[in-house]
Student: 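Quick one: the structure is below, and I'll ask about it shortly.
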Amino acid sequence: MPVSEFQLIERFFQRGRVRRDDVMVGIGDDAAEVRVASGQSVVVDVSLLLEGRDFQPGEPPASLGHRALALGLTRLSARGAEPAWVTLALTLPAADESWLEAFSSGLLDLADRSGVQLIGGDTTRGPGAVALHCHGLVPVNREVSPDGAAPGDLVYVIGRLGASGLAILALAEEVRLARTAREAVMAQLYLPEPPLAAAPVLRGLASACLPLAEGLPAALEIMTSRLGAGATVHTEQLPLSAALHEVFDRAGGWSLPLYSAEPCALALTVPAAAQAVLEQGLTAAGCEFAWVGMVEATPGVRFED
Ligand code: ADP
Ligand code: MG
């Protein structure tokens, strides 16, 4: 964007409250600089959201800012990493100030609560797109693998399934919900909370972990297939969103909680010997979790009820 780019950045993106000691150069100069202590690995995630595909023009801009960051922070949490820095590349058809105000508030409120510093980015005119790079830290050799599940491991889900998918059905007016249920699922779709508190518990403990961005079967397939394994999931153990219980059949039964995206929920596996430590740790961290099945030597993902 022409002359006003610096003013826009100063006004909307420089008001994050987090000032980390490890940021040597942040917003304002051409390239940011951060320091990494020895013994730490950096986990990097990129989320690219395109208007019309990953978000609709009708989505509240505060939600878009929050959601873009929540997706990235969830992916860092799945690796056991603590979020540290983010950079933002933003393309907008026009420099709409009220849009930027709401978008940056949504993003920076979550960043402030998460101890994350926005350290730079780029802003240009063009079709609506948000690209967020999230960087997190994890002690070397304590990171969680995306695909290290071995036969005998237990499968858990953190969070609840089906709320985001139900919100999308409700927006399309394919399912009618009572007012409180509608509010709950809309909050889950538009303002999901990343499972940051789970990361330190999973670190050095979980054998595999992935967000449910494409549903549980897809995640389990990736988590188990590298070691030639598979999994059985007991559907009666799945933690469904409360709103879904009430409209389960009308909302399409099991296909919604199994196959719709719940981007801030996690699937994870742990060796059976780590079960007690995992459950105590997640309970102490205030995470909602459920045991849902087992990793097995037979490839493929099976469901039983
Ligand atoms: P120019 O485009 O005029 O060369 P830059 O793109 O270098 O200016 O941006 C100036 C500063 O503002 C840089 O430090 C850059 O990292 C930062 N910045 C630009 N856009 C954003 C954004 N959307 N969010 C955060 N920081 C940004
Ligand atoms: Mg620029």
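Whatever order the structure lists them in is the order used to number ligands and atoms, beginning at 1. Everything numeric in this text was worked out from a predicted model, so none of it was measured.
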Student: Who gets closest to atom 21 (C) of ligand 1 by heavy atom: Ile119, Val25, Thr123?
Tutor: Thr123
Student: Would Trp254 and Phe248 count as a close aromatic pair, with their ring centres under 6.0 Å?
Tutor: yes
Student: Charged N to carboxylate O below 4.0 Å: is that the case for Arg15 and Glu10?
Tutor: no
Student: Can you tell me the N, O or S atom of Asp122 that's nearest the Mg ion (ligand 2)?
Tutor: OD1
Student: Return a yes/no value for Leu90: is any of its N or O atoms, backbone included, closer than 3.5 angstrom to an N or O of ligand 1?
Tutor: no
Student: Looking at the rings of His133 and Trp85, which for Trp means the six-membered one, are their centres under 6.0 Å apart?
Tutor: no
Student: Can you list the ligand 1 atoms lying under 4.0 Å from a non-hydrogen atom of Asp30?
Tutor: 7 (O)
Student: Quick one: does Phe6 get within less than 4.0 Å of ligand 1, heavy atoms only?
Tutor: yes
Student: Quick one: do Glu143 and Arg203 make a salt bridge, cutoff under 4.0 Å?
Tutor: no
Student: Checking Arg20 side chain against Gly115 main chain: does a donor-acceptor pair fall under 3.5 Å?
Tutor: yes
Student: Is ligand 1 under 4.0 Å from a heavy atom in the side chain of Asp122, in the backbone, in both, or in neither?
Tutor: both
